[in-house]
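Read the numbers this way: they start at 1 and go in the same order the structure lists the ligands and their atoms. No experiment lies behind these values; they were computed from the predicted model shown.
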Amino acid sequence: MKSNHRDDSSQTASSQTKGVTILGSTGSIGVSTLDVIARHPEKYSVVGLSANSRIETLFEQCLAFQPTYASVTQPRDAKVLADKLKSAGLNTEVLVGESGLSQMAKDEGCDSVMAAIVGAAGLQPTLAAARAGKRVLLANKESLVMAGSLFMDAIFENGAELLPIDSEHNAIFQSMPSGAVSANADLLKVGVRKILLTASGGPFLNTPVEKLSSVTVEQACAHPNWDMGRKISVDSATMMNKGLELIEACWLFNAKPQQVQVVIHPESIIHSMVDYVDGSVMAQLGNPDMRTPIAYGLAWPERIDSGVSALDLFSQGQLTFSPPDFERFPCLRLAYEAMEAGGSSPAVLNAANEQAVAAFLEKKIRFDQIPLVSERVLGAHQSQAVTSIPEVLEIDKQARLAANQLIETLS
Ligand code: NAD
Ligand code: MG
């Protein structure tokens with residue numbers, strides 16, 4: 001992961017600054033990334049920005065950061081944005097669709113790519129960044145869940161750098177010995193016994209289970225500690241987010257599912273830990289604010305100001321821990337099962353979950369039916385080896401079809 005391939009001659013955005021492309025710049029992670037970049041104009045310049053539907057926000061970001069490219073999903077939005085940019089006197093080039101995102105990700109002026117699109121839509125442009133040997137700042141955990149082995153191969157074969165932005169994985173990365181994160185990482189050889197993946201438990205950690213059937217979208221999206229996009233907020237409420245993160249940790253750190261212990265830690269101050277064979281446990285702590293891992297990923301191996309305030313342990317007072325409840329949170333169990341089964345199973349779980357979450361957000365199914373959809377679709381799937389991205393995409397498509405059929409019967 002920490003390949004030595006890059007040298008400073010790749011800095012083409014300007015002689016002083018590093019060029020950054022943000023895939024999904026209008027989302028929660030995208031906005032936080034721009035906040036960090038804006039604090040360091042002498043270090044970073046923006047090469048590309050992108051939005052799915054918030055075109056006005058994208059336009060404002062273009063005005064503020066003057067990127068080379070701006071990419072949108074729909075051709076009609078591209079026309080609207082291009083006209084507005086022209087009237088504002090900017091020569092930002094407007095790109096469209098997946099090919100536009102991939103073009104921005106591999107542009108030679110771009111050194112680092114923040115992969116902050118939500119869901120499976122992030123896979124191809126994130127892969128394009130890996131294949132182009134960029135520093136990949138990975139927030140889009142779905143890329144690893146869908147195509148972990150192919151994605152890691154793309155990183156190592158192309159001399160790319162992979163820096164985890166998910167706060168837990170960033171914490172694990174910071175707590176690992178440096179030699180542990182490479183193509184042939186062997187956790188035991190570097191003295192790592194376990195990864196302790198912390199989880200807040202979300203808004204329903206203590207809600208009576210029978211009440212989960214009447215949970216509203218607003219309740220599910222109201223995370224106690226983190227301000228995030230709607231999909232990941234619902235995933236946090238079902239703990240599927242922790243399940244996806246378990247799979248993500250296995251790929252990033254070459255760990256087996258049994259080597260990753262989920263620890264409920266409702267305060268979200270310890271962002272995860274590494275347990276060593278000599279009894280040492282290394283942890284990374286901080287206020288729950290994604291600008292910390294984002295700044296870490298941008299500047300690694302250096303440190304820069306992120307705008308996050310210092311952790312006040314005295315006002316925090318207490319940190320608490322408990323084991324996860326697999327009955328209350330079946331999604332977490334499903335993720336362990338999918339990763340144990342390997343091959344296509346994590347991609348199937350991810351696709352079924354995305355469809356189920358979308359259906360819940362559209363009020364087609366109940367909150368407690370989200371795990372049901374994933375469980376049934378995964379249960380009906382025979383895991384198979386995946387050897388190419390087109391195969392992954394076909395498996396993803398079939399799983400979505402199966403999930404949608406089931407959702408129709410439930411809604
Ligand atoms: P969000 O919903 O706030 O933003 C998503 C971004 O993706 C937006 O810019 C949107 O325009 C873009 N997008 C959505 N669908 C798209 C499509 N089909 N094609 C192209 N672009 C599309 O999401 P977020 O909370 O910022 O999360 C982004 C990613 O980061 C997710 O994978 C999430 O799991 C991960 N992540 C987020 C947080 C967090 O605190 N928000 C923490 C850890 C990991
Ligand atoms: Mg996380």
Notebook entry, point to check: Do Asp368 and Ser213 have side-chain N/O donor and acceptor atoms under 3.5 Å apart?
Noted result: no

Notebook entry, point to check: Does any donor atom in the side chain of Gln355 or Asn404 lie under 3.5 Å from an acceptor atom in the other side chain?
Noted result: yes

Next item on the list: Check the side chains of Gln174 and Asn170 for a donor-acceptor pair under 3.5 angstrom, ignoring hydrogens and angles.
Entry: yes

Checklist line | Under 4.0 Å from ligand 1 - residues by heavy atom, chain and number | finding: Gly24, Ser25, Thr26, Gly27, Ser28, Ile29, Ala51, Asn52, Thr73, Ala116, Ile117, Val118, Ala121, Ala139, Asn140, Lys141, Glu142, Asp166, Met228, Gly229, Ile232, Met290

Notebook entry, point to check: Going through the checks in order, is the side chain to side chain donor-acceptor pair (under 3.5 Å) test met by Glu168 and Thr198?
Noted result: CA-CA 7 Å; Glu168 295 77 2; Thr198 55; 5.3 Å; no

Note to self: Here's a test for you: under salt bridge (Lys or Arg N to Asp or Glu O under 4.0 Å), which of Glu375, Glu327, Glu340 qualifies with Arg333?
What the structure shows: Glu375

Margin query: Looking at Asp312, I'd like to know if its CG atom is crowded, meaning that more than 12 non-hydrogen atoms belonging to other residues, nucleotides or ligands lie closer than 6.0 Å.
Written below: yes

Item checked: With Ser272, the side chain to side chain contact (heavy atoms under 4.5 Å, CB included) member among Val262, Leu197, Val260 -> Leu197

Could you list the donor-acceptor pairs under 3.5 angstrom formed between side-chain atoms of residues 78-85 and any protein atom two or more places apart in sequence or on another chain?
unit_1: Lys79; atom_1: NZ; unit_2: Asp83; atom_2: OD2; d: 3.0
unit_1: Lys84; atom_1: NZ; unit_2: Glu56; atom_2: OE1; d: 2.9

Next item on the list: Please report how many protein N/O/S atoms lie under 2.8 Å from the Mg ion (ligand 2).
Entry: 3

Margin query: Give me each pair satisfying side-chain hydrogen bond (donor to acceptor under 3.5 Å, both in side chains) with a member in residues 283-293, each pair once, sequence neighbours excluded.
Written below: Asp35-Arg291, Asn287-Ser309, Asp289-Arg291

